[in-house]
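Since the structure comes first, as structure tokens, the remarks are kept for the end.
Quantities reported herein were computed from a predicted structural model and do not represent experimental measurements.
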Amino acid sequence: MTALIDAVNGVLWNYVLVYGLLAVGIYFTVRLGFLQIRHFPELFRVIAKSEETDRHGISPFQALTISLASRVGTGNIAGVAVALSLGGPGAIFWMWIVALLGMATAYAESTLAQLYKVENSEGQYRGGPAFYIARGLGARWAGSLFCVFLILSFGLVFNAVQANSIADAMEGAFGFDKLWVGVAVAILAGIVIFGGIRQIARVAQVVVPVMAGLYLLLAIVVVILNISEVPGVIALIFGHAFGLQEAAGGITGGVLAAMLNGVKRGLFSNEAGMGSAPNIAAVATPQPHHPSSQGFVQALGVFIDTIVICTCTAIMILLSDVYQFGGEIEGATLTQSALQDQFGAFGLYFIAVAIFFFAFTSIIGNFAYAENAMTFLRADSKVPMTILRLAVLAMVVWGAYESVATVFNAADASMGLMATINLIAIMLLSGTVAKLTRDYFRQRAAGKSPVFVADDYPELQGRIDSDIWSK
């Protein structure tokens with residue numbers, strides 16, 4: 001079984017998804033007229049007045065923070081360090097490129113999620129890839145398969161992995177027993193997830209901005225303390241990205257290593273095209289009242305995750321004296337060592353606490369996606385949801401003290417299959433995304449606040465919930 005899983009992962013992650021995600025990002029970037037660059041201010045405009053909500057959905061700001069809760073995890077600390085160790089400083093440049101392309105993909109999938117959303121039995125919005133696959137393409141079986149893959153990977157196994165990261169960090173920094181760390185995390189997570197998506201939203205909208213803000217602040221302090229070295233670090237990133245340093249030193253293969261590691265870590269971190277964030281994008285009450293507005297919100301999520309937070313980690317490592325391309329220190333240990341170099345013991349403790357919050361918010365964010373999938377599978381009644389919640393908490397405790405490598409590989413395969421289904425779906429529905437985008441900016445150009453009018457889309461009749469869009 002292990003050999004089969006490894007073979008599937010080898011094909012998916014080395015070929016299908018790396019090139020597929022890049023190709024889809026390029027496709028939507030070109031087809032939508034480079035909207036993530038030309039209309040970059042729109043990403044902030046749609047979130048600036050997003051505090052309103054109603055009984056049907058959460059606010060766009062809450063949807064952004066939940067998606068960031070899931071996106072911003074240990075990959076932003078350990079994953080960036082791995083990219084630097086294996087790909088050199090140039091890997092960061094390619095992470096930026098992947099994020100810029102991924103913003104277009106994130107826009108497309110989240111716009112579709114908004115368009116095809118429904119109301120559950122309690123009158124609350126639910127949606128995501130499974131819904132646009134079933135309603136937009138008439139392939140409910142593929143939507144169901146997507147949901148199963150999502151629940152297995154994001155709902156269960158990845159939460160065990162996040163708990164494992166928390167336990168390692170707490171044991172390393174404070175000497176806490178891993179099992180009891182797992183129990184404590186499970187209790188805290190249980191308090192949040194038993195309250196449903198609205199409770200997750202309330203916690204995420206407070207914790208995520210504080211968490212990201214403190215991390216950004218620390219990076220700014222590091223930059224200020226080493227301001228004279230910053231130009232050299234920037235030159236290092238660009239130089240390694242295009243092989244200038246390697247060429248000068250007679251080294252071959254540097255560009256390829258930088259590109260592959262930067263691309264892979266960028267794709268894993270920002271999740272654009274994976275089909276995860278659209279599950280929460282659909283839950284928001286859009287402002288303006290148009291599906292495209294929530295596409296911009298989630299494009300902003302990709303920007304914050306990779307361009308802002310991953311760059312913070314990279315800068316802090318590159319400005320330290322402990323970084324060495326191809327060195328033995330890698331992962332979270334490299335990030336901890338870099339901050340210890342700058343701040344002493346405080347750096348070690350800070351990264352441990354950062355890992356706790358990054359990983360904990362990922363646990364509750366991942367659960368929100370799984371809850372959405374349960375709605376599609378018509379298993380969102382009290383008993384199935386209670387079973388799922390208890391299973392998630394059990395995985396958190398188990399993951400805290402057990403090695404999860406084999407199961408994590410299985411989850412990687414599950415997520416890879418899930419992402420493959422999603423990429424095919426958004427490509428088949430790309431015409432709808434393009435039409436929605438033209439409609440949105442036509443109204444903006446006329447000085448109006450864009451409003452989606454279902455009657456303007458006769459081809460969607462019977463496929464979308466017109467009642468939702470008439471509210």
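- Q342 contributes a side-chain N or O that, together with a main-chain N or O of L319, makes up a donor-acceptor pair within less than 3.5 Å.
- Using modelled atom types, one finds a donor on one side chain and an acceptor on the other under 3.5 Å when comparing Y107 with S292.
- A centroid separation of 6.0 Å or more is found between the aromatic rings of F149 and F154.
- Side-chain N or O atoms of R38 include one that pairs as donor or acceptor with a backbone N or O of G33 at under 3.5 Å.
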Item to complete: List the steps, then state whether side-chain contact (heavy atoms from CB on, under 4.5 Å) holds for L43 with M103.
Response: CA-CA 10 Å; L43 277 63; M103 288 166 70; 3.4 Å; yes
Fill in: Verdict with supporting geometry, F356 and V185, side-chain contact (heavy atoms from CB on, under 4.5 Å)
CA-CA 9 Å; F356 173 84; V185 173; 4.0 Å; yes
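- Residue F357 qualifies as open at atom CZ: its count of foreign heavy atoms under 6.0 Å is 12 or below.
- Not one N or O on the side chain of K178 forms a donor-acceptor pair closer than 3.5 Å with the backbone of I166.
- Between the OG atom in S293 and the CD atom in Q298 there is a gap of 10.5 Å [rounded to 0.5 Å].
- T306 places no side-chain N or O within donor-acceptor distance of the main-chain N or O of F303, the cut-off being under 3.5 Å.
- Side-chain polar atoms of Y215 and T313 form a donor-acceptor pair below 3.5 angstrom.
- Looking only at atom types and distance, the side chain of Q36 has a donor-acceptor partner in the side chain of T29 under 3.5 Å away.
- F44 CZ: more than 12 foreign heavy atoms inside a 6.0 Å radius.
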Worksheet item: Taking it one step at a time, do H240 and F93 satisfy side-chain contact (heavy atoms from CB on, under 4.5 Å)?
Response: CA-CA 9 Å; H240 275 275; F93 171 83; over 6 Å; no
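- The nearest pair of heavy atoms linking G275 to E109 is N-OE1, 3.4 Å.
- Judged purely by distance below 3.5 Å, without hydrogens or angles, the side chains of S110 and Q294 never pair a donor atom with an acceptor atom.
- The backbone N or O of V222 lies less than 3.5 Å from a partner atom in the side chain of N226, making a donor-acceptor pair.
- Checked by atom type, the side-chain pair N366/Q162 shows no donor-acceptor distance below 3.5 Å.
- Here the OH atom belonging to Y369 is positioned 9.0 Å from the CG atom belonging to L150, to the nearest 0.5 angstrom.
- Shown are I364, L393, I193, I363; of these, the side chain to side chain contact (heavy atoms under 4.5 Å, CB included) with N159 is made only by I363.
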